[in-house]
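Quick notes on the structure that follows.
Because the structure is predicted, anything quoted here is derived from the model rather than measured. Quick note on labels: first sequence line is chain A, next is B, and so on, each numbered from 1.
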Protein chains: 2
Amino acid sequence: MQIVTEHRRKDIHNSDIPSVCAACEARHGGVCGTLTPDQLLDLSRHSTRRRVEPGREVVGQGEMTDSYANIISGVVKLSKVLSDGRQQIVGLQFAPDFMGRPFTRESALTAEAAIDTDICSFPRNVMERLVAEAPGLEHRLHEQALKELDEARDWMLTLGRKTAQEKVASFLYIIATHIDPENGTATEFDLPLSRADIADYLGLTIETVSRQITKLRKDNVIRIENSRRVTVPSMDRLMHVAGID
Amino acid sequence: MQIVTEHRRKDIHNSDIPSVCAACEARHGGVCGTLTPDQLLDLSRHSTRRRVEPGREVVGQGEMTDSYANIISGVVKLSKVLSDGRQQIVGLQFAPDFMGRPFTRESALTAEAAIDTDICSFPRNVMERLVAEAPGLEHRLHEQALKELDEARDWMLTLGRKTAQEKVASFLYIIATHIDPENGTATEFDLPLSRADIADYLGLTIETVSRQITKLRKDNVIRIENSRRVTVPSMDRLMHVAGID
DNA sequence: GGAGACCTTTGATTTTGATCAAGTTGCAGA
DNA sequence: TCTGCAACTTGATCAAAATCAAAGGTCTCC
């Protein structure tokens, strides 16, 4: 895992602060928006920015989770595996989401970068100290948990009750709406996941995913520039095929 | 919806309190354990205890959620439906779980009693006032949300990657471990869900659920007294069939 | 530019679970 | 006790997706 620690010098509120978390400068959709300047400084002293390459594990299933992180750019897959190797992606996290399971050292998930991903991480003990001090921070983490819960439940409907065609369309819709959070829904984008990952996200096989993408292309619901790049001529059409009302 | 408001007279800390929420007397696994006596009193003044019969809706999908509730006894199904009627149960809540989606008026779920269920509910505004006052309460709600998120993600693995046989065994295991939280895992219990509900929880059809239950019976993984009552001779065996390591 | 690895697509066939269709069973109410 | 209905089970058939198999593509590294 390539680690690049980056501390840029910057003043906050005219005080002589030695360094500021690069993530927090860039993103306030993460977890830092709720902190006071002093707390932000405290956090930034312990933060580490690093780039994680695709397939690189951020936190292993069953391992001690010793850190929390903001995603600065990129996409992280959260997955679970059965003992025989069957795998399910149970969540995707996009910038500027916050990652980490508060209040437990045991992670039931594997977190892995899907594409090149920059994260800013801080040690568990620092985070937990700040949570105890800053009531707004726990509220922020709570809202993140509730958002992920809503998303997980939406996805359960997709996994349990949609056809392969609807599942693939639902996946494309999710990507279109999350890949570029600053600019809203994208009509043209690169898929952050391989066919194998898409299959693991949808509870399908690679072959079924491929066939359904081909069918969507033939039905003019999407256009395919190359295997990763997709264009959506009509988002309404895609949503309709996805079974989203 | 049959509503029985029940306020029992009881003293707390020797003060002259008019009434106490019956739920809070009985259960501290809910949300009340974190409150001070004064807050508990405040909450109890606004609480309503009622019995909800099976099939009765607690909160409709897309409706305004105007209350929070502790489940005193019983089981509540949380479900989502597609416009064409396909339905997925996205969560089961057992006593003494807390129900309600903080910080939003819009519920994306339908909450419905699966069996006779006693709940103790309080208005949204009272709850939100208490959350603002009592930091421990938000922490308690946060932990509940994280627990539900962990459960949802576990279930996603089941929905996406397990066979019908494993799904049914997983369901039976969930019931065995949750139906009587005070006494741990039960080896003999009544299913709180009909075959149709089980199918909606597992993303299967009624017929498939029935066949798999028959198969589990023939394989001596479970015994069936009647269509609702189940005995599990070996929990290890059941877990193994469920694909739980 | 070519070899090899990996990812993706496509085709043929099989399997799992869905669908269609009767029957049972159990239970509430006459 | 009988009747009628809803819930459940079982059987036959069908269809969607999995599996098995074989090509294409694309990319990296010589």
Query raised in the report: DNA chain D: A:Asn226 or A:Lys162, which has the more 5' nearest nucleotide?
Result: A:Lys162
Query raised in the report: CZ of A:Arg228 versus P of C:dC6: gap in Å, rounded?
Result: 16 Å
Report task. Work out which heavy atom in A:Ser79 is nearest to a heavy atom in A:Gln87; give both atom names and the distance. Result -> OG-OE1, 3.3 Å
Query raised in the report: In whole angstrom, what separates B:Gln165's CD from C:dT16's P?
Result: 12 Å
**Report entry** Per A:Arg211 side chain, nearest of listed nucleotides C:dG11, D:dC8, D:dT10
**Finding:** C:dG11
Report summary line: Of D:dT19, D:dT10, C:dT8, the nucleotide closest to the side chain of A:Arg195 is C:dT8
Query raised in the report: Hey, does the side chain of A:Thr117 reach the backbone of A:Val75 with a donor-acceptor pair shorter than 3.5 angstrom?
Result: yes
**Report entry** Distance, rounded to the nearest Å, where B:Lys215 contributes NZ and D:dT10 contributes C1'
**Finding:** 16 Å
Query raised in the report: In whole Å, what is the span from the CD1 atom of A:Ile206 to the P atom of D:dA21?
Result: 16 Å
Report summary line: Per atom distances to the B:Thr214 side chain, the nearest of D:dA18, C:dT10, D:dT9 is D:dT9
Requested in this report: Could you check whether the rings of A:Tyr201 and A:Phe171 sit parallel, tilted or perpendicular, using 30° and 60° as the cut-offs?
Outcome: perpendicular
Query raised in the report: Hey, is A:Arg101 close enough to B:Asp150 for a salt bridge, meaning N to O under 4.0 Å?
Result: yes
Query raised in the report: Looking across every strand, which nucleic acid part, if any, lies under 4.0 Å from A:Ser210 by heavy atom: base, sugar-phosphate, or nothing?
Result: base
Report summary line: A:Gln212 CD to D:dA18 C1', in whole Å, measures 13 Å
Query - Rounded distance (Å) that lies between atom C1' of D:dA16 and atom NZ of A:Lys167 - result: 11 Å
**Report entry** Nearest-Å distance for atom pair CD/P, residues A:Glu207 and D:dA22
**Finding:** 14 Å
Query raised in the report: Counting any heavy atom closer than 4.0 Å, what does B:Thr205 reach on the DNA or RNA strands: base, sugar-phosphate only, or nothing?
Result: base
Query raised in the report: Taking the nucleotide of DNA chain C with the closest heavy atom to each, which residue, A:Thr208 or B:Ala164, is nearer the 5' end?
Result: A:Thr208
**Report entry** Under the side-chain hydrogen bond (donor to acceptor under 3.5 Å, both in side chains) test, residues paired with B:Asn220 that sit two or more places apart
**Finding:** none
Report summary line: When rounded to whole Å, the CG to P distance for the pair A:Leu204 and C:dG17 reads 14 Å
